[in-house]
Amino acid sequence: MTYAMFVLLAGAACAFGATGDIQLRTTEPRQRLPLELSIEVDRQAENPYDPGELDVRVQVIAPSGHTSIVPAFYMEPHRGEAAGSAVSEVQRFHFFLNASDWPPGSRLAFDVDDLELSNSGTGQRRVLDDMEGELRWTPGTRIAEAHTGQGAMRFEVTTAPQEQRWPGTTLPLGTQDWTEFDTLSVWIRPISGLQLGRLGLEFYNSAGEKFQTHTENTRGEGWRRIVWRFAPIFIRTDWEPAGPGEWRARVFPQEAGYYRFTARVGEAEGSALRVEVRPREGGGFLGVDEQDPRYLRLDSGESVFLIGTNLLAREAEEYRHYFDRLAAVGANFVRLWLSPPYLGFETEHLGRFDQARAAQLDRVFELAAERGIYIMPAIMDFRETQTTGGSGPAWSRSLFAAENGGPCASAVDFYTNPTARAIFKRRLRYLVARYGAYPSLMCWEFFNEVNLVDAWREDPEIVRRWHAEMAAYLESIDPNAHIITSSFAGLPDDALWDQPLMHLVQRHEYYIGPGEFAAQIRSACEVLSRHRKPQLVGEFGRTRNLHADADARGASLQRGIWSTLMSGSCGTGMPWWWRWIDTYDLWRHMGAVATFIEGIDFGAEGFEVLPEIEATVGAYDENAVGDAGIDTPSPWSLRSIPIEDRPREVTVGADGRTDAALPMANNLWGGQNAALTVHFDALRPGKLSLCITHARRNPSVVIAIDGAESAPQPVPELSRAAHIISFDIPAGRHTAVVRVEGGGSLSLAGIVVGKCVQQPPVVALGMRGRSTTLLWVRNTSDRWCNELYGSTAVPARDVTVRIPAMPWGDYRVRTYDTREGKWLAERTVRSDGAFTLTIPELVSDIAFRIERE
């Protein structure tokens, strides 16, 4: 067994064939952090980041005799100094609308009341404006009916053409210090039109810096409180030079005894140093579990299941804020980006590295190591080699582009040009040298969503060859043999994942529909599982975080992480909307998983996903009638399915299930007979609701019930919002045909058929291991979007769950509340070859941990 060590110095350096121009000495070691070696090199290089000019490295001989070569790196030490809070001199606050969310001429109105600061920890509060006294807002507004007190502000606007893109209203504040507060809240009431788009909130400080968030969609009627947890965004640190440039190497020893370090520059060998390392249990680097290659294990032998989130920030102190919240609930994992404008350090000159940025990344790795957080850094983002698309391609700003002095005439050349590939390898070498010895580094991820780059569209084999070359190089220089991966948006690529040096497979899944996202996640995991490698859903969430306030309880987050746990992943799905999680304090959902799996050795269990678990519902409340949700897929999921093969007709059963074998089509065009047909059996009169996410040229929607057409409902231009329209439907069996009238078009995120479900489907997911079975049972009528559609969950009573082919014997069964994160009960259940559990009532979901006695 290997060990992670607490490092102690053994004594002064001893020369072993020194050339006289290189000397090693150690810096003070710290627990959980690498041992750092400083190397004096009297040779000069025009570019010290180019190993072709000066190749500095350290030979490491462990007590066992194992020898490795650690690349050294050139650094200019930087010290981080508090620069003062960006919210110490706030001067004005501003509401604004993105006029592009509505067509020109839209009349919008909303009321505002009680703009207030607070501190979520101390409870301290400060009212910025209660709208009771003389209005200080510009432009002028009129008083409306208040949420509290005597007055409120009404804002009215008619959207104009392009010259007025951001209509708004401003509150001058003088100069205010907000450093004691971390939350801003305001009450909003839509009067007309606002529910179709987003309302922006922003404030400015004396330096002219702008800090901004959006309410996403302010829906429905009546007052709604908007909460903005802003503090972690505005912590500022200035990184200043703290000494001359020097060469260093980082090593994380894992054996007890004396280590010997010898420096080399090219073929020359310098002085050596002996250091004693004393053992302690635990630690080391994460790798693929040898017992079960689908899971992860530390060098020390400890099984690790990853629980965490994506996290993109520009400041180390912002990472501290989120790391603290993750660690507090037992979560252990983040995925971040090393691309501009985040923590990328190749910012000014190709092949040269910004040392202030690199020092900040040092600090992020240190903060993570101190809190037991593992990091997956995505080295490149697809936008960096993309020239088309609506997601903000960055190739025009890339240092690799010829127009910016780089070697590549096109974005595709990044993958094929020999100079570009050699320069990228320099970046890989620097990453390995400077950060590869941190135990907090979980793996290397080459690309975020590589299937969206230009080269993939031209010829995927170009990208596959690039990955094979870079993975081979990375393996050759990384003495700690970290896991290597990349990522895909939606559908993965088997040919890439089959490469032997692609150790971990992952894909990203987004949705906005009302149907079964947990089933969609399970399906994604099934596709990845055929590789028998560790798998992750590296990103997931509601598309563009639409309707964030409708999901304040975090149901979409909770369903995503529990479905991945029960689908054979090596970690929970990684949510994208970390600030939403923080604003609504949804970290508890990650903590609930951490408590549930505590003590499980995933690799030793050899878990296999249970393909089918029978779940039935007995009694039901005849007064409770629910709605059926029909998902239409994300555009990613549809790319491999030709338009003509996508189902345009679906039948909704009395239990809410549908008969569509493939994802439903989600596009409607006027004048092309491209209708959608829904057969349903409504127990009572209800509504058929459509969630529309994109609309062009002002389409109108018509629904025909058994041939009788409704009046057309106009849909505004939509591109960054989701708009719900509803039509009345009668009780009984009917057919609804949905079509677009005129020449416009639209895209649907989902359909809800109201009042047609009396026995909601109950679905169970689970995995069986050698000694432990994990089971998660959910009521599918408890959807994240119920509030949005005006739906409610229908309780399922007398639920019976049957696991077939369960070995004979007695089992300890512990029942777990997945939302509160606590154990509820414990009992013994006997299996006679089949295992049965009963649940008296299930409104949402529940989990069971079943262990052989």
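Values below: every heavy atom of this structure, side chains too, minus hydrogens, waters and symmetry copies.
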Give the minimum heavy-atom separation between [X] and [Y], together with the two atoms involved.
X      : Y      : answer
Arg542 : Ile512 : CB-CD1, 4.1 Å
Ala331 : Ile307 : CB-O, 3.4 Å
Gly573 : Ile561 : O-CG2, 3.5 Å
Trp578 : Leu311 : CD1-CD1, 3.6 Å
Glu445 : Ser486 : CG-CA, 3.9 Å
Ala736 : Phe680 : CB-CE2, 3.9 Å

Side chains of [X] and [Y]: closer than 4.5 Å at any heavy-atom pair?
X      : Y      : answer
Glu605 : Arg770 : yes
Tyr811 : Thr828 : no
Trp577 : Ile581 : no
Leu668 : Val701 : no
Asp845 : Arg559 : yes
Val777 : Leu775 : yes
Val650 : His679 : no
Tyr322 : Trp587 : yes

What's the spacing between [X] [atom1] and [Y] [atom2] if we round to 0.5 Å?
X      : Y      : atom1 : atom2 : result
Tyr374 : Ile483 : OH    : CD1   : 11.0 Å
Cys525 : Met566 : SG    : CE    : 12.5 Å
Ile846 : Trp776 : CD1   : CH2   : 12.5 Å
Leu312 : Arg335 : CG    : CZ    : 8.0 Å
Leu306 : Leu536 : CG    : CG    : 6.0 Å
Arg294 : Ser529 : CZ    : OG    : 8.5 Å

Can [X] and [Y] be counted as an ion pair, charged N to O under 4.0 angstrom?
X      : Y      : answer
Arg297 : Asp289 : yes
Asp782 : Arg553 : yes
Glu787 : Arg224 : yes

Below 30° counts as parallel, above 60° as perpendicular, anything between as tilted: where do the rings of Phe488 and Trp497 land?
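Rings of Phe488 and Trp497: perpendicular, as their planes differ by over 60°.
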On the 0 to 90° scale, with breaks at 30° and 60°, tag the Phe596-Tyr816 ring pair as parallel, tilted or perpendicular.
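Tilted.
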Begin from the C-alpha positions of Leu504 and Cys570 and carry the test side chain to side chain contact (heavy atoms under 4.5 Å, CB included) through to its verdict.
CA-CA 9 Å; Leu504 180 147; Cys570 67; 4.1 Å; yes
Full working for side chain to side chain contact (heavy atoms under 4.5 Å, CB included) between Arg778 and Gln558
CA-CA 11 Å; Arg778 67 188 187 281; Gln558 192 253 8; over 6 Å; no
Can a donor-acceptor pair be found between the side chains of [X] and [Y] at a distance below 3.5 Å?
X      : Y      : answer
Asn667 : His694 : no
Asn779 : Ser844 : no
Ser771 : Glu851 : no
Gln291 : Asp601 : no

Please report the C-alpha distance between Arg522 and Ser567 in whole Å, then the side-chain angles of each, then the deciding distance to 0.1 Å, and finally whether the side-chain hydrogen bond (donor to acceptor under 3.5 Å, both in side chains) criterion is met.
CA-CA 6 Å; Arg522 164 60 76 94; Ser567 299; 2.8 Å; yes
After noting the C-alpha distance and the side-chain angles of Val537 and His508, does the key distance pass the side chain to side chain contact (heavy atoms under 4.5 Å, CB included) rule?
CA-CA 6 Å; Val537 175; His508 300 165; 6.0 Å; no
Any sub-3.5 Å donor-acceptor pair from [X]'s side-chain atoms to [Y]'s backbone N or O?
X      : Y      : result
Thr595 : Ala592 : no
Lys755 : Ala731 : no
Thr693 : Ala749 : no
Ser523 : Ala519 : no
Gln506 : Gln535 : no
Arg768 : Leu610 : no
Asn545 : Ala548 : no

Kindly check if the number of other-residue, nucleotide or ligand heavy atoms within 6.0 Å of [atom1] ([X]) is above 12?
X      : atom1 : value
Arg733 : CZ    : no
Glu612 : CD    : no
Glu598 : CD    : no

So among Val304, Ile597, Thr772, which one has a side chain to side chain contact (heavy atoms under 4.5 Å, CB included) with Phe602?
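One option only clears the test, and that one is Ile597.
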Which atom pairs, one a donor and one an acceptor, fall under 3.5 Å between side chains of residues 788-805 and the rest of the protein, sequence neighbours left out?
unit_1: Ser791; atom_1: OG; unit_2: Asp627; atom_2: OD2; d: 2.4
unit_1: Arg797; atom_1: NE; unit_2: Glu841; atom_2: OE2; d: 3.0
unit_1: Arg797; atom_1: NH2; unit_2: Glu841; atom_2: OE2; d: 3.0

Is there a side chain to side chain contact (heavy atoms under 4.5 Å, CB included) between Val738 and Leu690 once you walk through the steps?
CA-CA 9 Å; Val738 181; Leu690 310 175; 3.7 Å; yes
